[in-house]
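In this text, all values refer to a predicted model and were calculated from it rather than measured experimentally. Values below: all heavy atoms of this structure, side chains included; hydrogens, waters and symmetry mates excluded.
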Amino acid sequence: MTNREVAWILNAMADMLELKNDNPYRVRAYRKAAHTVYHLDEDLRDVYLRNAVGEIPGIGSRMRDQIEEMLETGSCIFFEQLRQEVPQGLLDMLSIPGLGHKTIRNIYQGLGIDSIEGLAQAAQAGKIRRLPGMGAKTESNILAGIHLLKQSREKITLGLAAPVAEDFSLHLKGAAGVIAAEPVGSIRRGKPLVGDIDILVAAEDFKQVRVQVASYSQVQDVKRVGQDFIQGLLHPNMKFEVIIVKPEDYYHSLTWTTGSKEFRELVFQDRDRKHLKGLKSEEEVFRQLGLQYIPPEMRENKGEIPKAISNSLPVIVEFSDILGELHVHTDWSDGAHSLQDMAVMAQKMGYAFLAITDHSQSLHISGGLSPQRLMDQGQAIDELNRHFRGFTLLKGSEVDILKDGTLDYHDEILKQLDLVIASIHSHFKLEAGQQTARIIKAIENPHVHIIGHLTGRLLNRRPPYELDTDQILAAAAEHHKVLEINAHPDRLDIDESIARKAAQMGIKIAINSDAHHGKDLKFLKYGVMTARRGWLKQEDVINTWDLGRIMDYFHR
DNA sequence: GCCGTTTTCGGCCCGACTGTTTTCAGTCG
């Protein structure tokens, strides 16, 4: 059993306990344990072999027993008991935005509804509003929430899909006679939302590959098996397709299966792919097609094909261009790690600098820093910097943009910092004019350098705020403010199209992981993919610059 | 359910918003 599966069960237990109205602190303990296990650096099975499961912070004796039981048997008795008591449909209902455990229990007890379908029917029939504490508005919110959920069920975030796809590919490479296996389709193109996990495999013996697919522990269901493909579901409920080709067909198939449908049709139109057999790389495939090599992220038919024909594609930014990172959190606010730990992990990423940008004072829930704490943190950073060679921690803040567009610290405080990211974390539902004016006011503040996660979207969970993006881009260009591509896979905000437009206007971009955990630093690659989808060049992305140049740009 | 200790029991993140209400409950971040 993998860490992810154990975490999934612990989280399900938290949900079921909550639905049963159990002690909220007990619920929180399970949720916290799930989070810890999910982010654990080590394989739980190894921890178990060292007899050290109970030493993990937040895992006490009872949770330790349950986790060990899961590792030994694949489940645990307490989990199975809860599943007997709590209908699966109630758990499904929890994923409807705006519905919590209390409302779900109210509906279940009042109307006996235990499925999303039943809930939708009752809401349409106007039965929900008759329950105590419920009204017409709640009813329509439920229907809207179910609609949103159905949309999100169709796609999963790149952050969920890509690691699973990579692990699956690795497993497939282990089969005898497999020459290559690689995620293709929208994952390889770095799309923020992915419909299914496509893996291309090159092998002499297709049967071996089919056997290897069936032996993968995360396969939940196999739906269709053809001569050269297998379709099914990976845990939990992610669609996959494995496409098998002969080794001599690998590279042109890689190009074929990576591009979007429109790209594929245009590039391969009237071509006989037989002539592309036996090539040794994708570069050769493009050469044969009479095209400049097009990076996977650009294969969307968004203007790249004519550019490739005329050999005039821009050279886009690469992960190896990134010299440092400008937006992370620590345990001074809601991050998991200390300043020192984050610095060490940034150095392991090969970075020369890292900006510490914890939350500002009004974000109480996230442990926002008072001005005094911020100054104390600055001193701690100065102290750490004395010991680094070839690496610098920057003193920064992710300061809240308040409702009226003013910032959560006075200018006197802000001007003492190396960099200031201004972000919105409240009042998401202002009308467009007010929201736009609020952000522009922050852009006009001379102490602000970067606008964080501009549109506020949370993929599959929350749409962007109502905004006039063009007005904001104009203001950012005028005031030389940097826009962030927040690389967190739930955000990827700004998206590729805003980024592309911004770069065309001369606005510089920072790609930031927004890490709340050392591991999250790795999210940066998703932001780089988004930048590449937006055709950004190295020059457009400030964290490819050396630190001196960044500081000059901020403080001129 | 976990943790810490002045240690086996008491505390554990809290404010804003929404929708239902006439003063609050539920959800979210």
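Using a 4.0 Å heavy-atom criterion, one finds that Thr138(A) contacts the sugar-phosphate atoms exclusively. Note on Ser61(A): only backbone sugar-phosphate atoms sit closer than 4.0 angstrom, heavy atoms only; bases stay farther off. Using a 4.0 Å heavy-atom distance criterion, Ala14(A) is classed as making no nucleic acid contact. Looking at heavy-atom distances under 4.0 Å, Leu363(A) makes no contact with the nucleic acid at all.
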Protein and nucleotides 26-29 of chain B: nitrogen or oxygen contacts under 3.5 angstrom:
residue, atom, partner, partner atom, Å
dG26(B), OP2, Lys102(A), NZ, 3.3
dG26(B), O3', Thr103(A), OG1, 3.0
dT27(B), OP1, Gly100(A), N, 2.6
dT27(B), OP1, Gly100(A), O, 2.9
dT27(B), OP1, Thr103(A), N, 3.1
dT27(B), OP1, Thr103(A), OG1, 2.6
dT27(B), OP2, Lys102(A), N, 3.3
dC28(B), OP1, Gly98(A), N, 2.7

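Taking atom C1' on both dT18(B) and dT23(B), the two are 15 Å apart, rounded to the nearest angstrom. Taking atom P on both dT22(B) and dC28(B), the two are 23 Å apart, rounded to the nearest angstrom. Annotation: dT6(B) and dG11(B) have their C1' atoms spaced 15 Å apart (nearest Å). A gap of 10 Å separates the C1' atoms of dG26(B) and dT20(B), to the nearest Å. Using P as the reference atom, dT8(B) and dC14(B) are 25 Å apart when rounded to the nearest Å. Here, dC13(B) and dC3(B) have their P atoms 14 Å apart, quoted to the whole Å.
Note on Lys155(A) versus Asp196(A): no salt bridge recorded, every NZ/NE/NH1/NH2 to OD/OE distance being 4.0 Å or above. In summary, Arg26(A) and Asp22(A) engage in a salt bridge, as defined by a charged side-chain N under 4.0 Å from a carboxylate O.
Neither side chain, His453(A) nor Glu484(A), offers a donor N or O lying under 3.5 Å from an acceptor on the other. Neither side chain, Asp331(A) nor Ser338(A), offers a donor N or O lying under 3.5 Å from an acceptor on the other. Side-chain N/O atoms of Asp514(A) and Asn486(A) include a donor and acceptor closer than 3.5 Å. A donor and an acceptor atom, one from each side chain of His447(A) and His449(A), are nowhere located under 3.5 Å apart. For the 3.5 Å distance criterion, the side chains of Glu398(A) and Ser423(A) qualify, holding a donor opposite an acceptor.
Pair check for dC24(B) finds dG19(B); Watson-Crick or G-U wobble, both atom distances under 3.5 Å.
Taking the six-membered ring for Trp and thresholds of 30 and 60 degrees, Phe78(A) and Tyr30(A) have ring planes inclined between 30 and 60 degrees apart.
Atom P of nucleotide dA16(B) and atom CD1 of Ile401(A) are separated by 18 Å, given to the nearest angstrom. Between Asn141(A) atom CG and dA25(B) atom P there is a gap of 20 Å when expressed in whole angstrom units. The distance from atom CG of Asp334(A) to atom P of dC13(B) is 13 Å, rounded to the nearest whole Å. For the pair Met16(A) CE and dG1(B) C1', the computed distance is 16 Å after rounding to whole Å. When rounded to the nearest whole Å, the span between NE2 of His35(A) and P of dC2(B) equals 18 Å. Distance Met63(A) CE to dC3(B) P: 8 Å, rounded to the nearest Å. Whole-Å rounding puts the Met134(A) CE to dC24(B) C1' distance at 16 Å. If you take CG of Leu17(A) and C1' of dC2(B), they are 14 Å apart, rounded to a whole angstrom.
When every heavy atom of Ala487(A) is checked against every heavy atom of Leu524(A), the shortest pair comes out as CB-CA, 3.8 Å.
Listed pair Tyr25(A) / dG1(B) fails the phosphate criterion, with no side-chain N or O lying under 4.0 Å from OP1 or OP2. Side-chain N/O atoms of Arg31(A) include none lying less than 4.0 angstrom from OP1 or OP2 on dG1(B). The phosphate of dG1(B) (OP1 or OP2) has a side-chain N or O of Arg62(A) nearer than 4.0 angstrom.
Both Pro132(A) and Ile56(A) lie near DNA chain B, and the one whose nearest nucleotide falls closer to the 5' end is Ile56(A).
Considering only side-chain atoms of Lys137(A), the nucleotide from dC12(B), dG1(B), dT20(B) that sits closest is dT20(B).
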